[in-house]
2 protein chains.
Amino acid sequence: MTARRKEFPTAEELRIWRDFIETTEALRAELAARLQRESSLSPGDYAVLLALREAEGRRLRSSELAARVGWERSRLSHQIGRMERRGLIRREECVTDSRGAEVVLTPEGAQAFRNASLPHLRAVRELFVAALTPDQLVAAQQITTALRNHLTALDT
Amino acid sequence: MTARRKEFPTAEELRIWRDFIETTEALRAELAARLQRESSLSPGDYAVLLALREAEGRRLRSSELAARVGWERSRLSHQIGRMERRGLIRREECVTDSRGAEVVLTPEGAQAFRNASLPHLRAVRELFVAALTPDQLVAAQQITTALRNHLTALDT
DNA sequence: TCCTTCTTGTTGACACGTCAATCATATGCG
DNA sequence: CGCATATGATTGACGTGTCAACAAGAAGGA
């Protein structure tokens, strides 16, 4: 009998998949909840503030910011709108390209990031790093790399 | 000099964390996009249909359904509302408890699940299982378990 | 220049998730 | 019984994410 190319996951593989995706989701949710509790920031807020904090002049073109956080422009636009209403960032017109917008970190935004940063790092350590042995951490990295490579290989 | 209890992740650990969370998120998004394309179902739809499909009489008390998919009742209520509008499920009053509601799988819902099931399993295999070596799959399981145990240990 | 085409960014509609409030019914205790 | 409390479920408000449509300026060639 000929070996047929495998098409479906086994029950065991499926179970591993479900546990994996549910656990990562629970992890994400717990991190988000803590960030919200301790700093009144969403993960999106944090990502944007971090990118601006590390940017030259604490400002970025909208597209560049989208690229750095890895979002579509539309998503960023909504996010920026909400953050501007709360005073965390400010929009400015771009001098070199009148279509463009620049996103600028406000003092309030910088302060919010400072307040959030250490508790957030602590949480990452407590919920992720401290949960794994050094070997497991290495394995996690390798698995991540394998998944990502596989994923990006597919959409080309 | 005394050893101080480690409080923050190293830059390396932080990088691993960020890659990990971003990759699992990308994976989740790709699975969701395929499910949507191929079957016009969201992951939430799929989870609910699956739970009902496996339930005695293809019906469940609302609370029980929420427990099986691991959601809050509120979230389920919204989801059920959307699915009922599309005819995938139906709400019925509960005989034994007049506060209660039962969620019933409709023929349309059952059909939608059948259509979605195989393509979804194929996608899980293609995007997750096939990306990893057997060793990595085992490692993924162990990491998942470690993370979950750690997580549940904390909120007690 | 004029016209097409690309890029930048915004908007609106809608699905989704969380939280707090609400409502009705069940339950348990005096 | 009568009342406080718990439970089952829904709702509304709001933040978030995706998608498609759009507006307006930039770029580049005929």
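Numbers restart at 1 for each chain; the letters A, B, ... are given by sequence-line order, proteins then strands.
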| task | Could you say whether A:C94 or A:H78 is positioned toward the 5' end of DNA chain C, judged by the nucleotide with the nearest heavy atom to each? | result | A:C94

| query | Between A:L60 and A:A51, what is the shortest heavy-atom contact and its length? | reply | CD1-O, 4.1 Å

| said: Counting the atoms with a prime plus P, OP1 and OP2 as sugar-phosphate, which does A:S77 contact under 4.0 Å by heavy atoms, base, sugar-phosphate, or nothing? | reply: base

| message | Tell me the interatomic distance from B:R73, atom CZ, to D:dT7, atom P, rounded to whole angstroms. | response | 9 Å

| message | Does D:dT16 have its OP1 or OP2 closer than 4.0 Å to a side-chain nitrogen or oxygen of A:R82? | response | yes

| said: Less than 4.0 angstrom between a side-chain N/O of B:S63 and OP1 or OP2 of D:dT7, yes or no? | reply: no

| said: In whole Å, I'd like the distance from the CG atom of B:L41 to the P atom of C:dA15. | reply: 14 Å

| field | Integer-rounded Å distance: D:dG15 C1' and A:L88 CG | value | 14 Å

Donor-acceptor pairs under 3.5 Å, side chain of residues 116-132 of chain A to any protein atom, not counting sequence neighbours: which ones?
unit_1 : atom_1 : unit_2 : atom_2 : d
A:R122 : NH1    : B:E7   : OE2    : 2.3
A:R125 : NE     : B:K6   : O      : 3.4
A:E126 : OE1    : A:R34  : NH1    : 3.1

| task | Check the distance between C:dC19's C1' and A:R37's CZ and give it to me in whole angstrom. | result | 14 Å

| Are there more than 12 heavy atoms of other residues, nucleotides or ligands under 6.0 Å from atom CD of B:E93? | no

| request: Measure from CZ on B:R75 to P on C:dA20 and round the result to the nearest Å. | output: 17 Å

| query | For the side chain of B:E72, counting heavy atoms from C-beta on, which of D:dT16, C:dC19, D:dA9 is nearest? | reply | C:dC19

| Between D:dA9 atom P and B:E64 atom CD, what is the distance in whole Å? | 10 Å

| Spacing between A:E93 atom CD and C:dT8 atom C1', to the nearest angstrom | 14 Å

| Length of the line joining B:L35:CG and D:dT18:P, which is rounded to integer Å | 16 Å

| Would you say a side-chain N or O of A:S98 is under 4.0 Å from OP1 or OP2 of D:dA26? | yes

| remark: Sorted by position of nearest nucleotide on DNA chain C, 5' first, the leading residue of A:A29 and A:A101 is A:A101

| task | Could you tell me whether the phosphate oxygens of D:dG17, OP1 or OP2, come under 4.0 Å of any side-chain nitrogen or oxygen in A:S74? | result | no

| task | Assign each of A:D97 and A:P43 to its nearest nucleotide of DNA chain D by heavy atoms, then name whichever residue's nucleotide is nearer the 5' end. | result | A:P43

| field | Test item: side-chain donor near acceptor, A:E108 and A:T106, under 3.5 Å | value | yes

| said: Tell me which one of B:R58, B:R61, B:R59 satisfies salt bridge (charged side-chain N to carboxylate O under 4.0 Å, His left out) with B:E102. | reply: B:R59

| said: Taking any heavy-atom pair under 4.0 Å as a contact, classify A:R86: base, sugar-phosphate, or nothing. | reply: nothing

| task | Could you check whether A:S62 gets within reach of a base, just the sugar-phosphate, or nothing at all, counting any heavy atom under 4.0 Å? | result | sugar-phosphate

| request: For the side chain of A:R99, starting at C-beta, report the closest nucleotide among C:dT7, D:dT16, C:dG9. | output: C:dT7

